[in-house]
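These notes are about the structure you will find just below.
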Amino acid sequence: MDKLRVMSVFGTRPEAIKMCPLVRELASRPEIESLCCVTAQHRQMLDSVLEVFRCTPDYDLNIMTPRQTLSTITSKCLLGMDEAIDALKPDLILVHGDTSTTFAGALSAFYHQVKVGHVEAGLRTWDKYSPFPEEMNRKLVSAIADLYFCPTENNRNNLLKEGITEGLFVTGNTVIDALKTTVRDDYHFATDELNHLPYGERKVLLVTCHRRENYGEPMKNIMLALRQIAEENPDVELVYPVHLSPVVREAVDKYLRGAPRVHLIDPLPADEMHNLMARCYLVLTDSGGLQEEAPALGKPVLVMRRETERPEAVAAGTVKLCGVVQDDIVTMAERLIRDKDAYRAMAHAVNPYGDGRACQRIADAILWSFGRRAERPADYQGK
């Protein structure tokens, strides 16, 4: 019997962190030919992850351009995917999450009548403009997909509410698989500044902020809140790997640069980011992935957004929404900085996102769905 040709498609740093372990797992299966196509929606940040996980794409669309728009990303992905699909002839195309690459990859697969598997399926905020454009991207992919790999039972229930009843698997999140390969006690940072932070003496706060829906007034509020936290808490060191987006960098330079004990650094490779997260005290972010990663390392997360598509983490107590109002962000951060009991309650909460075997479950589910495995894999039950 011919090998099953499975092509994984991704284009951004967060996608790559979550998909590279899956590409590797698929390659370990003798029944599968694991193929990889990257769009390079985020060129530099994507390449750093590919290097960490030693993942060499079979196809690289290299679409990134300065100040690219959602329309240019989507159209270039569609045109490039035509060529990749014709060349590699996959039986199944895997897309991840909710980026423009994800939507374009799924749509292109549909145009070519190739089955689609959606990794990290079923996340919802129920507000199509927040996060933007991610919420609609994942809903549109749900309408196209054939197989749905849901991190949690709640994600599967979201799909059931939308009338999707076939091809659903609960797998855990592949990001937990990634952390198992990158975090080490003896890790030495290539970014030397990180080797000299006073981790034991001061509270190191890790910050990320880049969401499109936070552009403008919300981002100004966030930057001013971060500056206030640093100025009012001399026992805090704030580390911010600044996203390459010109909009983000302009806001950082205007409102945050020059604040005391604030380290503004370039984006980090996945392994450096994971190990910094493991050593930090607290995470403030508008990212989706960090809401899953940090709790797995026992780090509380404050989400600088109005809502989250990851309510499991809020319910478990590992994540709290602090919104985009300056005073609210400062108040919630300072409580965790100063109140040991409040901090301990979040740090010791149970992470609901997996046991490090999501990639194994996804590979098993693919083989079962294509008749290459006798038994349906058991769903992830949570901790």
Residues Thr152, Tyr380; criterion side-chain hydrogen bond (donor to acceptor under 3.5 Å, both in side chains); working and verdict: CA-CA 8 Å; Thr152 69; Tyr380 171 61; over 6 Å; no

Side chain to side chain contact (heavy atoms under 4.5 Å, CB included) assessment of Arg138 paired with Thr125: CA-CA 11 Å; Arg138 53 194 172 220; Thr125 64; 3.8 Å; yes

Between OH on residue Tyr199 and CD on residue Glu237, distance to nearest 0.5 Å: 10.0 Å

Distance-only donor-acceptor check, side chains Thr99 and Thr102, under 3.5 Å: yes

Expected output: side-chain Arg212 to main-chain Pro133 donor-acceptor under 3.5 Å: no

Over 12 non-hydrogen atoms of neighbours within 6.0 angstrom of CG in Asp2: no

Lys3 atom NZ, neighbour heavy-atom count above 12 within 6.0 Å: yes

Within-4.5 Å side-chain heavy-atom neighbours: Leu159 and Ser142: yes

Donor-acceptor contact below 3.5 Å, side chain Arg261 vs main chain Val236: yes

Test item: Asp379 side-chain N/O and Val170 main-chain N/O as donor-acceptor pair under 3.5 Å: yes

Worked verdict on Glu31 versus Arg372 for salt bridge (charged side-chain N to carboxylate O under 4.0 Å, His left out): CA-CA 8 Å; Glu31 309 94 335; Arg372 308 290 181 97; over 6 Å; no

Heavy-atom pair of closest approach, residues Pro30 and Ser28: CD-O, 3.5 Å

Pair Glu307-Ser130, side-chain donor/acceptor within less than 3.5 Å: yes

Note, Asp58 side chain near Met7 side chain (heavy atom, < 4.5 Å): no

Sidechain-backbone polar pair: Gln291 side chain, Ser287 backbone, donor-acceptor under 3.5 Å: yes

Pair Lys139 + Glu135, salt bridge at N-O below 4.0 Å: no

Residue Gln44 excluded, over 12 heavy atoms near CD under 6.0 Å: no

Gln68 atom CD: more than 12 heavy-atom contacts under 6.0 Å: yes

Glu250 and Arg67 ion-paired at < 4.0 Å: yes

Arg376 side-chain N/O to Ala365 backbone N/O, donor-acceptor pair under 3.5 Å: no

Plane angle bin for Tyr187 and Phe189 - parallel if under 30°, tilted between 30 and 60°, otherwise perpendicular: perpendicular

Minimum-distance pair of heavy atoms, taken over all atoms of Ile144 and Ala106: CG2-O, 3.6 Å

Pairwise side-chain contact, Ile85 with Pro90, heavy-atom cut-off 4.5 Å (strictly under): yes

Distance (rounded to the nearest 0.5 Å) between Asp364 CG and Gln360 CD: 5.5 Å

Report all side-chain donor-acceptor pairs from residues 313-328 shorter than 3.5 Å, counting only partners two or more places apart or in another chain.
| unit_1 | atom_1 | unit_2 | atom_2 | d |
| --- | --- | --- | --- | --- |
| Thr318 | OG1 | Ala313 | O | 3.2 |
| Gln326 | NE2 | Gln228 | OE1 | 2.9 |

Closest approach of Ala251 to Met223 (non-hydrogen atoms, all atoms of both residues): O-CG, 4.0 Å

Test salt bridge (charged side-chain N to carboxylate O under 4.0 Å, His left out) applied to Arg335 and Asp341, step by step: CA-CA 10 Å; Arg335 186 184 178 207; Asp341 290 336; over 6 Å; no

Donor-acceptor under 3.5 Å (Asn275 side chain, Thr182 main chain): yes

Residue of the set Glu293, Glu292, His96 for which side chain to side chain donor-acceptor pair (under 3.5 Å) holds with Lys18: Glu292

Closest non-hydrogen atom pair, Pro295 against Leu290: CD-O, 3.7 Å

Pair Glu309 + Arg124, salt bridge at N-O below 4.0 Å: no

Check ion pair Glu134-Arg211 (N to O, under 4.0 angstrom): yes

Lys203/Asp235 ion pair, N-O < 4.0 Å: yes

Step-by-step salt bridge (charged side-chain N to carboxylate O under 4.0 Å, His left out) determination, Lys89 to Glu33: CA-CA 11 Å; Lys89 296 179 171 55; Glu33 182 178 358; over 6 Å; no

No-hydrogen, no-angle side-chain donor-acceptor test under 3.5 Å, Asp192 and Asn195: yes

Closest heavy-atom pair and its distance - His274, Ala178: CE1-CB, 4.5 Å

Spacing of NE2 belonging to His263 relative to OH belonging to Tyr240, to within rounding of 0.5 Å: 15.0 Å

Pair Lys180 + Asp177: basic N to acidic O under 4.0 Å: no

Electrostatic pair Asp47-Arg43, nearest N-O below 4.0 angstrom: yes

Close side-chain approach of Glu213 to Pro218, heavy-atom, < 4.5 Å: no

Residue pair Glu51, Arg54: steps toward the salt bridge (charged side-chain N to carboxylate O under 4.0 Å, His left out) verdict: CA-CA 5 Å; Glu51 183 178 345; Arg54 296 180 175 86; over 6 Å; no

Check: Arg5 side chain, Leu88 main-chain N or O, donor-acceptor pair, under 3.5 Å: yes

Residues that, via side-chain heavy atoms closer than 4.5 angstrom, fall in one hydrophobic cluster with Leu22: Leu4, Val6, Phe10, Met19, Val23, Leu26, Ile32, Val38, Leu46, Leu50, Leu92, Leu94, Val119, Leu147, Phe149, Phe169, Ile362, Ile366, Leu367, Trp368, Phe370

Nearest-0.5 Å distance, NZ of residue Lys220 to CG of residue Leu256: 14.0 Å

Side-chain (Lys299) to main-chain (Cys280) donor-acceptor, under 3.5 angstrom: yes

Leu282 to Pro300 - nearest heavy-atom pair and separation: CD1-O, 3.4 Å

Sidechain-backbone polar pair: Asn158 side chain, Gly122 backbone, donor-acceptor under 3.5 Å: yes

Inter-residue atom distance Leu78.CG - Leu61.CG, 0.5 Å rounding: 10.5 Å

Check: Pro241 and Leu206 side chains under 4.5 Å, non-hydrogen atoms: yes

Salt bridge Arg306-Asp286, side-chain N to carboxylate O under 4.0 Å: no

Short side-chain to backbone donor-acceptor contact, Asn214 and Met304, under 3.5 Å: yes

Ile229 CD1 to Ile329 CD1 distance, which is reported to the nearest 0.5 Å: 7.0 Å

Review item, side-chain donor-acceptor pairs of residues 110-118, under 3.5 Å, at least two apart:
| unit_1 | atom_1 | unit_2 | atom_2 | d |
| --- | --- | --- | --- | --- |
| His112 | ND1 | Ser108 | O | 2.9 |
| His118 | NE2 | Gly97 | O | 2.8 |

